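Okay, so here's the structure we're looking at.
Atoms within each ligand, like the ligands themselves, are counted from 1 in listed order. Computed from a prediction, not measured in an experiment: that's the story for all the values here. Computation of the quantities below employed the complete heavy-atom set of this structure, encompassing side-chain atoms and omitting hydrogens, waters and symmetry-equivalent molecules.
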Amino acid sequence: GTNSKENIPISSPPKLPFIGNLHQLGSIPHRALYKLAVKHGPLMLLHLGSFPTVVVSSSKLAEEFMRNHDHCFASRPRLKAPKFMLYGCKDLAFAPYGEYWRQLRKLCVSHLLSSKMVQSFAPLRAHEVSLLLKKFSAAASENGAVSVTEALNSFTNAVLCRAVFGNSMKDEMSKLFPELVRLGSRLMSELYIEDYFPALGWLDVLFGLEGKLKRYSQKWDGLLETMLDERTISTGEGRDRAVNFVDTLLELQKDPTSSKLALAREHIKAILLIMIGAGIDTSFVILDWTMAELMCKPNIMRKVQEEIREIVKGEELVKEEHLSKTQYLKAIIKEVLRLHPPAPLLLPRESMLDCQIHNYEIPKNTRIIINAWAISRDSENWEFPEEFKPERFINCDVDYKGNNFEYIPFGAGRRICPGMQFATTTIELALANLLCFFDWKFPDGIRKEDMDMTESIGITCSRKKCLELVPIVVKLN
Ligand code: HEM
């Protein structure tokens with residue numbers, strides 16, 4: 001808190017001429033930065049190319065940046081990948097702090113992400129969950145292995161697409177999304193020379209990275225244009241009036257007086273794209289890690305299955321009203337979010353004003369990286385931090401809503417993830433059903449000791465390997 005004003009010195013790890021500390025980011029930056037912080041302390045000033053960048057790796061400091069001085073640090077740097085991919089950062093996640101961002105955030109919350117909206121999507125989630133169960137039942141009846149990773153990915157994708165685009169969204173179209181989103185995550189995490197040396201942007205062209213970004217953006221643009229054209233036609237004819245998020249955006253574009261937001265086509269495409277990107281990969285990553293962790297811990301698996309089976313006794317589906325009672329399942333999800341936060345470095349921040357943190361003056365336009373991954377493994381805050389122990393969250397008030405700075409998988413402050421409830425409801429419902437109606441085993445010849453928990457490279461942190469399992473239908477009663 002603000003009272004404990006012991007001064008934490010800022011340290012700068014030794015740097016190389018010209019590139020500064022850039023070479024120290026490694027291929028998995030949250031791990032590399034964690035190692036640096038162990039050696040140099042929780043407040044580091046790195047020189048990434050020509051940009052001073054502050055790296056924050058303790059809960060106390062995260063609180064300083066994201067609560068006590070959140071108003072200084074609520075903007076985002078204008079980085080190359082989002083500039084190309086999101087129409088010059090016209091989306092909610094990378095828009096600079098200001099009136100456009102504020103109005104857009106209000107709009108997205110009230111028309112897509114609020115509690116009320118999330119509840120309104122319950123029938124849609126129930127439908128997609130039942131399709132998922134059917135897929136696994138079919139595999140079970142053939143005694144075959146199924147790619148749980150792929151099934152969960154297309155499930156999260158379907159839920160999000162239906163919520164954003166309504167029921168008219170064509171399956172052939174939405175099937176293209178998961179792979180594009182993965183690729184997007186990788187492209188976001190590439191090192192673009194222009195982001196560190198603005199005068200050397202031509203090197204990105206030379207090395208082909210800029211071309212990759214352009215081609216990627218064109219692909220999405222084509223898809224989004226097709227979808228928007230279809231919406232315009234169908235709303236024009238007055239059918240399918242069920243209001244969904246896309247139609248709301250299109251109406252706003254037609255009637256700009258109805259809101260403080262002036263939306264052009266590019267804004268709409270950027271907004272849709274970030275919802276798909278931010279929504280799918282994150283939620284899906286948690287589902288996948290959870291199944292992987294449970295497969296390695298049969299005792300925890302059995303315990304959570306018993307909990308859920310006891311709650312839903314005799315019913316054919318776990319429903320959302322059951323979820324309030326699934327304490328152990330919730331604790332498991334929290335523990336997965338602690339050990340495998342899908343966005344381990346949150347999203348980058350940038351200071352809008354000069355600001356003093358402890359004794360250190362942080363000038364305007366400094367980039368800030370918060371290592372949420374390191375913070376949620378800090379032995380100052382967590383006992384046996386490397387161990388998967390959901391029990392730590394039973395009878396414990398710590399949660400992910402941005403008030404407990406030792407645990408910030410969704411960020412905190414003004415920029416906290418607005419999709420938290422959308423995500424957790426989807427995740428809990430899917431897991432509860434998978435764990436209730438199936439037992440899971442490894443395909444022949446594979447043991448839990450063989451599980452490879454290596455992380456993949458990308459702005460979101462998924463497991464590298466695909467999870468293949470054999471579902472076994474469980475007859476309850
Ligand atoms: C387990 C799932 C999810 C996790 C762990 C997660 C995590 C995060 C994090 C760490 C941030 C950055 C916060 C900061 O800078 O302090 C963020 C921002 C954001 N998330 Fe999520 N997210 C999840 C699901 C979702 C979903 C389902 C949606 C939408 C459908 C969504 C939409 C967004 C948006 C639009 C932002 C940018 C907010 C802003 O800059 O104002 N997220 N999320």
Please list the nearest protein heavy atom to [atom] with its residue and the distance rounded to 0.1 Å.
| atom | value |
| --- | --- |
| atom 35 (C) of ligand 1 | Leu92 CD2, 3.6 Å |
| atom 27 (C) of ligand 1 | Gly279 CA, 3.6 Å |
| atom 32 (C) of ligand 1 | Ala278 CB, 3.6 Å |
| atom 16 (O) of ligand 1 | Arg349 NH2, 2.7 Å |
| atom 24 (C) of ligand 1 | Thr282 OG1, 3.3 Å |
| atom 17 (C) of ligand 1 | Cys417 CB, 3.5 Å |
| atom 4 (C) of ligand 1 | Phe410 CE2, 3.3 Å |

Are more than 12 heavy atoms from other residues, nucleotides or ligands located less than 6.0 Å from atom NZ of Lys83?
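Above 12, so yes.
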Aromatic rings His69 and His71: how do their planes relate, parallel, tilted or perpendicular, breaks at 30° and 60°?
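If you compare the ring of His69 with that of His71, the planes turn out tilted.
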Aromatic plane relationship, Tyr407 with Phe393 - under 30° parallel, 30 to 60° tilted, over 60° perpendicular:
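The rings of Phe393 and Tyr407 sit tilted, inter-plane angle from 30° to 60°.
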Would you mind running through ligand 1 and noting each atom that sits below 4.0 Å from a heavy atom of [X]?
| X | value |
| --- | --- |
| Leu160 | 30 (C) |
| Leu346 | 10 (C) |
| Met66 | 16 (O) |
| Ala412 | 16 (O) |
| Ala93 | 37 (C), 40 (O) |
| Pro342 | 5 (C) |

Just let me know how [X] lines up against ligand 1, side chain, backbone, both or neither, with a heavy-atom cut-off below 4.0 Å.
| X | value |
| --- | --- |
| Leu112 | neither |
| Ala95 | neither |
| Phe94 | neither |

Heavy-atom closest contact (Ala151 atom, Lys135 atom, distance):
CB-CD, 4.1 Å
Where do Tyr216 and Trp220 come nearest, in terms of heavy atoms and distance?
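Tyr216 and Trp220 have their closest heavy atoms at OH-NE1, 2.8 Å.
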Between Phe136 and Trp440, is the gap from one ring center to the other below 6.0 Å?
yes
Hey, looking at atom 19 (C) of ligand 1, which of Pro418, Pro409, Gly419, Ala423 has the closest heavy atom?
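It is Pro418 that holds the nearest heavy atom.
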For atom 14 (C) of ligand 1, which candidate among Arg105, Arg102, Arg415 provides the closest heavy atom?
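The option holding the nearest heavy atom is Arg415.
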Quick check: do [X] and [Y] have side-chain heavy atoms less than 4.5 Å from each other?
| X | Y | result |
| --- | --- | --- |
| Cys296 | Met453 | yes |
| Ile10 | Ile362 | no |
| Thr425 | Gln119 | no |
| Asn433 | Leu132 | no |

Is it true that [X] lies under 4.0 Å from ligand 1, counting heavy atoms only?
| X | result |
| --- | --- |
| Ile274 | no |
| Met420 | no |
| Leu113 | yes |

Say whether, by atom type as modelled, one donor and one acceptor occur between the side chain of Arg463 and the main chain of Asp288 under 3.5 angstrom.
no
Main chain of Ser75, side chain of Trp101: is a donor-acceptor contact present, judged purely on distance under 3.5 Å?
no
Heteroatom distance test (Arg76, ligand 1): nitrogen or oxygen, under 3.5 angstrom
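Yes, Arg76 has an N/O under 3.5 Å of an N/O on ligand 1.
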Is there a polar contact between ligand 1 and Arg414, counting only N or O atoms under 3.5 Å apart?
no
Test log, rule side chain to side chain contact (heavy atoms under 4.5 Å, CB included), inputs Thr326 and Leu431
CA-CA 11 Å; Thr326 55; Leu431 282 174; over 6 Å; no
Arg125 charged N/C atom sitting above Phe155 aromatic ring, 6.0 Å / 45°:
no
